[in-house]
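Below: the structure, in structure tokens.
Worth knowing before you read on, the calculation uses all heavy atoms, side chains too, and leaves out hydrogens, waters and symmetry mates. Note on naming: letters A, B, ... go to the chains in the order of the sequence lines (proteins, then strands), and numbering restarts at 1 for each one. Quick caveat, the model's predicted, so the values are computed rather than measured.
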2 protein chains.
Amino acid sequence: MPLTPDVELCERWRQLMTRYHDISCALERALSQQHDLGISEFETLDLLVTSPCDKQFVHELQANMHLSQSALSRTVARLEKRGLVTRAMCSNDRRAVTVAPTEAGRRLHAEAAPTHAAILSEHRGDLQSQA
Amino acid sequence: MPLTPDVELCERWRQLMTRYHDISCALERALSQQHDLGISEFETLDLLVTSPCDKQFVHELQANMHLSQSALSRTVARLEKRGLVTRAMCSNDRRAVTVAPTEAGRRLHAEAAPTHAAILSEHRGDLQSQA
DNA sequence: AGACATTACATGCGTGCACATTTATTGTCT
DNA sequence: AGACAATAAATGTGCACGCATGTAATGTCT
């Protein structure tokens, strides 16, 4: 395969990088300053709170996140330490650990979600120019 | 401003995150395994080699990269230690430092660029569905 | 029951990053 | 000329991440 030097593809990758970094930096900054939440922490909380189930397995969470298994483990640990989620061993399959948001977690998520949405809205242009 | 809960915007952000992570992980893996270069290192080398000028200031590089000033400093330091770039104080403005690729740096870039392009090509679908 | 592979999560280690601080140079104001 | 603010880059610290590995529980095969 000759691998045509696709300059346009490279340019699109650059655009993607720029958009991703701009938005994620803005999110990180806003969530961190206003709610003391990192992006990964908000994302985890968001998945837990918006899920139809009241608890989820760690590996279910992981499937929906862009985080390594160990990073997720630590993220959940941080959230647990702050009393935002609870971890519990599953009785059916005792290898598994379930994670559930606490009331405090739901409250904080309710506070942080508008901030998240506002940042996304500020960057509407960057997001709308996608397919 | 009522901040309509824009689900679609959120969905687009999710797509952007997924695309970014998929591609950057693939790039990182390929460049790292085949050429012992991290993404930031390749990006830096790429900017230097493809620039019309033979040398650039660190702050010029930074303007084109998504890296903090200190992270860029370390990246350049790593490249310099491997003999891929040279750093030199600017004689006109002695605060500034210029960075230039060495012959070895140009050679390694020539080797790595096809790998970079190949990964981008593999992910053509993810990139083409942008505007 | 005993051995083995698999799955789920935790931990140690090295690395990269952001933030704050430090050092050095320049330009300006008096 | 001396003082001061601004700028460019380097450095130090602390945190989050990925990878490799460790630990524990489960299921399977004999």
Side-chain angles (χ1 to χ4, degrees), chain A residues 17 20-33 36-45 48 55-82 85-100, chain B residues 17 20-33 36-45 48 55-82 85-100:
Chain A
M17 281 198 294
Y20 174 80
H21 277 106
D22 287 355
I23 300 178
S24 68
C25 284
L27 279 175
E28 178 77 34
R29 179 171 302 262
L31 291 171
S32 178
Q33 282 184 353
D36 193 27
L37 280 175
I39 285 195
S40 298
E41 288 162 358
F42 174 81
E43 212 74 36
T44 305
L45 212 49
L48 288 172
K55 44 175 78 172
Q56 274 183 273
F57 291 112
V58 174
H59 65 270
E60 285 175 327
L61 283 174
Q62 205 193 336
N64 294 311
M65 299 194 42
H66 311 283
L67 223 50
S68 71
Q69 186 259 313
S70 69
L72 178 55
S73 176
R74 289 173 212 225
T75 301
V76 172
R78 281 195 301 276
L79 292 174
E80 188 187 35
K81 196 184 291 181
R82 287 174 59 185
V85 305
T86 54
R87 273 193 285 199
M89 287 207 331
C90 174
S91 49
N92 296 348
D93 183 347
R94 281 196 258 173
R95 294 168 301 182
V97 171
T98 60
V99 187
Chain B
M17 280 198 293
Y20 174 80
H21 278 104
D22 286 354
I23 300 177
S24 68
C25 284
L27 280 175
E28 177 78 34
R29 179 171 301 263
L31 290 171
S32 178
Q33 284 184 352
D36 194 27
L37 281 174
I39 283 195
S40 298
E41 291 164 12
F42 175 80
E43 214 73 37
T44 306
L45 210 49
L48 288 172
K55 44 176 77 174
Q56 274 183 273
F57 291 112
V58 174
H59 65 271
E60 286 175 326
L61 282 176
Q62 206 193 337
N64 294 309
M65 297 195 40
H66 312 283
L67 225 48
S68 71
Q69 187 257 317
S70 70
L72 179 54
S73 175
R74 289 180 200 221
T75 302
V76 172
R78 281 195 302 278
L79 292 174
E80 188 187 35
K81 196 183 290 182
R82 286 174 60 184
V85 305
T86 54
R87 273 193 285 199
M89 287 208 330
C90 175
S91 50
N92 297 346
D93 182 347
R94 279 198 259 175
R95 291 169 301 181
V97 170
T98 59
V99 187

query = With a 3.5 Å cut-off and just heavy-atom distances, do the side chain of B:Arg95 and the base of C:dG27 make a donor-acceptor pair?
reply = no

note = DNA chain C nearest-nucleotide lookup for A:Val97 and A:Arg29: closer to the 5′ end is A:Val97

task = Quick one: pull up CZ in A:Arg87 and OG in A:Ser73 and give me the separation to the nearest 0.5 Å.
result = 5.5 Å

key: 5'-most by nearest nucleotide on DNA chain D - A:Ser68 or A:Asn92   = A:Ser68

message = D:dG18, OP1 or OP2 - any side-chain N/O from B:Ser32 closer than 4.0 Å?
response = no

query = To the nearest Å, how far apart are A:Glu80 CD and C:dA10 C1'?
reply = 13 Å

ask   = Within a strict 4.5 Å, meaning less than it, do heavy atoms of the B:Thr75 and B:Glu41 side chains meet?
value = yes

inquiry  = Can you say whether a donor on the side chain of A:Arg74 sits under 3.5 Å from an acceptor on the base of C:dG12, or the other way round?
reply    = yes

B:Arg94, nearest nucleotide to its side chain (from C:dC9, C:dG16, C:dT26) = C:dT26

ask   = Whole Å only: how far is the CG atom of B:Leu61 from the P atom of D:dA8?
value = 14 Å

request  = Would you mind telling me which of C:dC17, C:dA10, D:dA9 lies closest to the side-chain atoms of B:Ala96?
outcome  = D:dA9

ask   = Can you find a heavy atom in the side chain of A:Leu37 that is under 4.5 Å from one in the side chain of A:Arg82?
value = yes

request  = Starting at atom CD of A:Gln33, determine the distance to atom C1' of C:dC19, rounded to an integer number of angstrom.
outcome  = 12 Å

note = Taken to the nearest whole Å, CG/A:Asp93 to C1'/C:dC9 is 12 Å

query = Of A:Ser73 and A:Cys25, whose closest DNA chain C nucleotide lies nearer the 5' terminus?
reply = A:Ser73

note = Of the listed C:dG16, D:dA16, C:dC17, the closest approach to the B:Glu41 side chain comes from C:dG16

inquiry  = Whole angstroms only, please: what is the NE2-P distance between B:His21 and D:dG18?
reply    = 8 Å

request  = Please state how far atom CE in B:Met89 lies from atom P in C:dA24, giving the value in whole angstrom units.
outcome  = 11 Å

ask   = Do A:Gln69 and C:dA8 have a side chain to base donor-acceptor pair shorter than 3.5 Å?
value = no

task = Find the distance B:His59:NE2 to C:dT26:P and express it as a whole number of Å.
result = 14 Å

Heavy-atom side-chain proximity of B:Val85 to B:Glu80 below 4.5 angstrom = yes

message = Please determine whether any donor N or O and acceptor N or O are separated by less than 3.5 Å between the side chain of A:Ser70 and the base of D:dC17.
response = no

request  = Nearest 0.5 Å please: distance from the OG1 atom of A:Thr86 over to the NZ atom of A:Lys55.
outcome  = 7.5 Å

Protein-nucleotide distance (A:Leu72, atom CG; D:dC17, atom P), rounded to Å = 10 Å

